[in-house]
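Everything below concerns the one structure shown next.
Proteins get letters first, then strands, A, B, ... in listed order; numbering begins at 1 in each. Hydrogens, waters and symmetry mates are skipped; everything else that's a heavy atom, side chains included, is used. None of the values given here were measured: they were computed from a predicted structure.
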2 protein chains.
Amino acid sequence: MEVNRIYKGNCINKLTELESNSVDLVYFDPPFFTQKKHSLVTRDESKKYEFSDSWDSLNDYLDLIEACLIECKRVLKETGSVFLHCDKVASHYIRVTLDKVFGMKNFQSEIIWSYKRWSNSKKGLLNSHQNIYFYSKSKHFKFNQYYTNYASTTNIDQILQDRKKTAKGKSIYKTDEDGNIVLGKEKKGVPLSDTWEIPYLNPKAKERVGYPTQKPVLLLKEIIKIVTDKGDLVVDPFCGSGTTCVAAKSMDRNFIGIDASQDAVELANRRLEEMIITDSALLNKGYNSYLEKSEYEMAILKSIDALPVQRNSGIDGFLRKHFNEKPVPVKIQGKRETLNDAIEKLEKSCQGKEFELKIVIQTRKESRGNRLFELESDIEIIQSQELIIEELKEKSTVPNNV
Amino acid sequence: MEVNRIYKGNCINKLTELESNSVDLVYFDPPFFTQKKHSLVTRDESKKYEFSDSWDSLNDYLDLIEACLIECKRVLKETGSVFLHCDKVASHYIRVTLDKVFGMKNFQSEIIWSYKRWSNSKKGLLNSHQNIYFYSKSKHFKFNQYYTNYASTTNIDQILQDRKKTAKGKSIYKTDEDGNIVLGKEKKGVPLSDTWEIPYLNPKAKERVGYPTQKPVLLLKEIIKIVTDKGDLVVDPFCGSGTTCVAAKSMDRNFIGIDASQDAVELANRRLEEMIITDSALLNKGYNSYLEKSEYEMAILKSIDALPVQRNSGIDGFLRKHFNEKPVPVKIQGKRETLNDAIEKLEKSCQGKEFELKIVIQTRKESRGNRLFELESDIEIIQSQELIIEELKEKSTVPNNV
DNA sequence: ACTCACACTGAATCCGTAC
DNA sequence: AGTACGGATTCAGTGTGAG
């Protein structure tokens, strides 16, 4: 079976065609058991999408889920994981099935996806979260630990200083013989929590393509990030409008999507071609940023008050304030680019446009020979602060004449 | 059975003594299916509290839960509700039991109690929520709807304007015959959500009594608030250290507590006399009251791969990588600080700690006279990229000899 | 394969104290 | 007086190694 394609067909049949132990992540998002027929029209009302989630009984529904899960387990590598996203009405029954297929021991986390939502008139609490169950195939599952910032209540001594135990078992800050503070080892921050606050798709967002139960790309990117690496294979057996595939493609993972509906397959393919990812103000400001441009580049642009632009290899952003009534393009030297590459790319993107100031931000050290080249261009080169700090460190390491 | 008392005894036996249709709220917090023994000593080490979560099998455990729940249902009024607090490992089985006893129709909400918590060495996501299931005895359950503030991203028009449906079923803003906007009726805010962020009972809180698994009073107060009125009866069949009773008493509700352990009953009675409820800054003001850094400062820290740190005016963050095996503190010159202020603050915060490198990031231009001062300190000063760009602009504006 | 006891983790936050 | 900061405590914690 070819990767990076979306297949129309029955989920179990298509999964059967997949080789055993070949998949790194299955995102499993079955049609909800609500006994209702879903449908939605696109904004221009030209097309209607439909799927049926009206099984005769809960048991039939669960039998189908179980059969799918068994196939999912077969295709997963030993290091692979499944993320099952389900609706609140049947989630507990589905989890019982998960225990049956994967084993209670392989339950890793219940992820709570919480979001703010428009109120409804329901009596009771406003429903504003969904549950995602994370099971691994074995205890050797792949997991990319990543770290978030400390809480605002955490004080710095806590982070900085080492501790020791007194004879009485009290834990106190460590001091050396002279009574000086002993500093602790490198800290990484706080491990990612199992509750994720990610904005629900804004009803007007570009990303919205008129298909029921669409998930935000950011949610899928987060999942893909923690349990797969580049080049790994992600499978979504109920791919619907293809959000998982869009997320996987944007992160250089391979993907296979399956859906029973021809409409869904066509829609997903169109999305993959267009690759629209919401870039709304809300998402930018979000508690965490889960953006396409690397977070590092985004941070640099933000720190110089520049607006990021997407999908232009020569320009990463523009300063928000014009200079001499002209925009100021900014290019950040990429990880795999030489400084000259970066300059040339920016030059190329600027051709035919009259800018008064063009900026390249250098992110890596370069031999002097190459750097002379920069004089031929009117581009201004400034060093990234990280680079400046690197040089500071080198200077401090080689003792100067004090 | 007398109210406002705590009874020692088996949960089912004691519930049997209670009259049918007499209770407004049952807070049901059974031992979890953790298969572990929990013990904790009081701070003065005078008393050790223990209980065991060991069960022969999941079925035994669920049988016990079911028997208790049947009694709970009997004692509840038609307008009454049960809140069942359970753990991540067995929550789905418990909910299946709840469906069996109370009926799927009477499921009202899954409440997520989320919190920040100190971390540990777990592979995977950091566990930071617990689940509470809210089932009512009938559809006539009592519910005190209350409202929270709108999210900051909410469009003001959405709050103010009324809506109507078009012939095609789309929801649009309502206008009168002249096309003027029709303002809607008074809005109350957003109904209370089903995800509650309430701080975990802190290791240093005075509220702590040394009983394992003690809950914050605030969590119980929230539950009591939404489904009972003054004078109503609250029952906790596994009351432990008596948090529910303390919360109920503080809100003028009647209560009955039941626990099998004599130690727990005595402890709960003592708490009821003393009524210590922690009054924390975090509970009162929320996390926002601690937040000090702007997005701009956060972006600078991210761009140099530094961990942001709050609650210290002299240090804004640390480089993630140590230098000469020592942390590297970073201070960003504040909007209202001179460069000297910034340097002095950093110096002060570094007192007694041996750093190999200290960095101040200068964000504003300063007259030369002041800048000479920096030579007295071993702090390295680097200019923010924004500042470098400002200087570039000035250089470009004043024509040089080309 | 399992269980169990033991050692170890590490940040959140209330409180006390110094300014 | 109010604010700022330093200190210690906790594990509905987890991982590990012996039996």
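Nearest to the side chain of B/K88, among C/dC14, D/dG13, D/dG15, sits D/dG13. Of the candidate nucleotides D/dC11, D/dT9, C/dT13, C/dT13 has the atom nearest to the side chain of B/P199. In this structure, the nucleotide among C/dA12, D/dT14, C/dC2 sitting nearest to the side chain of B/N127 is D/dT14. Of the candidates D/dG15, C/dT13, D/dG6, the closest approach to any side-chain atom of B/N312 belongs to D/dG6. The nucleotide whose nearest atom lies closest to any side-chain atom of A/T153 is, among C/dA12, C/dG16, C/dA11, C/dA12. Looking at the side chain of B/K116, the nearest of the listed nucleotides D/dG6, C/dC2, C/dA12 is C/dA12. Nearest to the side-chain atoms of B/D29 among the listed nucleotides D/dA12, C/dG10, D/dG6 stands D/dA12. Of all nucleotides listed (D/dT9, D/dG6, C/dT13), C/dT13 comes nearest to the side chain of A/A151. Listed candidates were D/dA12, C/dT13, D/dT9. Nearest to the side chain of B/Q130 is D/dA12.
Between the base of D/dG15 and the side chain of B/N120 there is no donor-acceptor pair shorter than 3.5 Å. A donor and an acceptor atom never sit less than 3.5 Å apart when one is taken from the side chain of A/D157 and the other from the base of D/dG7. Donor-acceptor pairing under 3.5 Å, judged by distance alone, is present between the side chain of B/R311 and the base of D/dG6. B/N202 contributes no side-chain N or O that forms a donor-acceptor pair with the base of C/dA11 under 3.5 Å.
The distance from atom NZ of A/K187 to atom C1' of C/dG10 is 7 Å, rounded to the nearest whole Å. In this structure, B/H129 places its NE2 atom 12 Å from P of D/dG13, rounding to the nearest Å. Put simply, NZ on B/K204 is 14 Å from C1' on C/dA11, counting in whole angstrom units. One atom, OH of B/Y49, and another, P of D/dA12, lie 18 Å apart when rounded to the nearest Å. Between the NZ atom of A/K185 and the C1' atom of C/dA11 there is a distance of 13 Å, given to the nearest Å. Here the P atom of nucleotide C/dG10 and the CD1 atom of A/I172 are 19 Å apart, to the nearest Å. Going from atom CZ of B/R117 over to atom C1' of C/dT13 covers 13 Å, rounded to whole Å. Rounded to a whole Å, the CH2 atom of B/W118 is 9 Å from the P atom of C/dT13.
Distance alone, capped at 3.5 Å, places no donor-acceptor pair between the B/E66 side chain and the B/D63 backbone.
Residues A/S152 and A/K165 both approach DNA chain C. Their nearest nucleotides, taken by heavy-atom distance, put A/K165 toward the 5′ side.
The partner of C/dT9 is absent, by the rule that a Watson-Crick or G-U pair needs both atom distances under 3.5 Å. Of the nucleotides present, none pairs with D/dA12 by Watson-Crick or G-U wobble criteria with both distances under 3.5 Å.
For B/S121 and D/dG15, the shortest distance from a side-chain N or O to OP1 or OP2 is not below 4.0 Å. OP1 or OP2 of D/dG15 has not a single side-chain nitrogen or oxygen of A/K139 nearer than 4.0 Å. Of the side-chain N and O atoms in A/Q161, none sit less than 4.0 angstrom from OP1 or OP2 of D/dG6. Remark: B/S119 is not in phosphate contact with D/dG13, judged by side-chain N or O atoms under 4.0 Å from OP1 or OP2. Side-chain nitrogen and oxygen atoms of B/Y200 include at least one within less than 4.0 Å of the OP1 or OP2 phosphate oxygen of D/dA12.
Residue B/P212 is out of contact with every strand shown, counting any heavy-atom pair closer than 4.0 Å.
Rounded to the nearest 0.5 Å, atoms CG (A/N131) and OG (B/S91) are 8.5 Å apart.
Counted by atom type alone, B/D194 and B/S109 present zero donor-acceptor pairs between their side chains at under 3.5 Å.
Annotation: side-chain contact (heavy atoms from CB on, under 4.5 Å) contacts of B/S193 (sequence neighbours excluded): A/S128, B/T195.
In this pair, B/Y27 and B/H85 present their aromatic rings perpendicular. The plane angle is above 60°, beyond the 30 to 60° band. Ring planes of A/F107 and A/Y133: tilted class, angle from 30 to 60°.
By the 6.0 Å and 45° rule, B/K123 stacks over the aromatic ring of A/F141.
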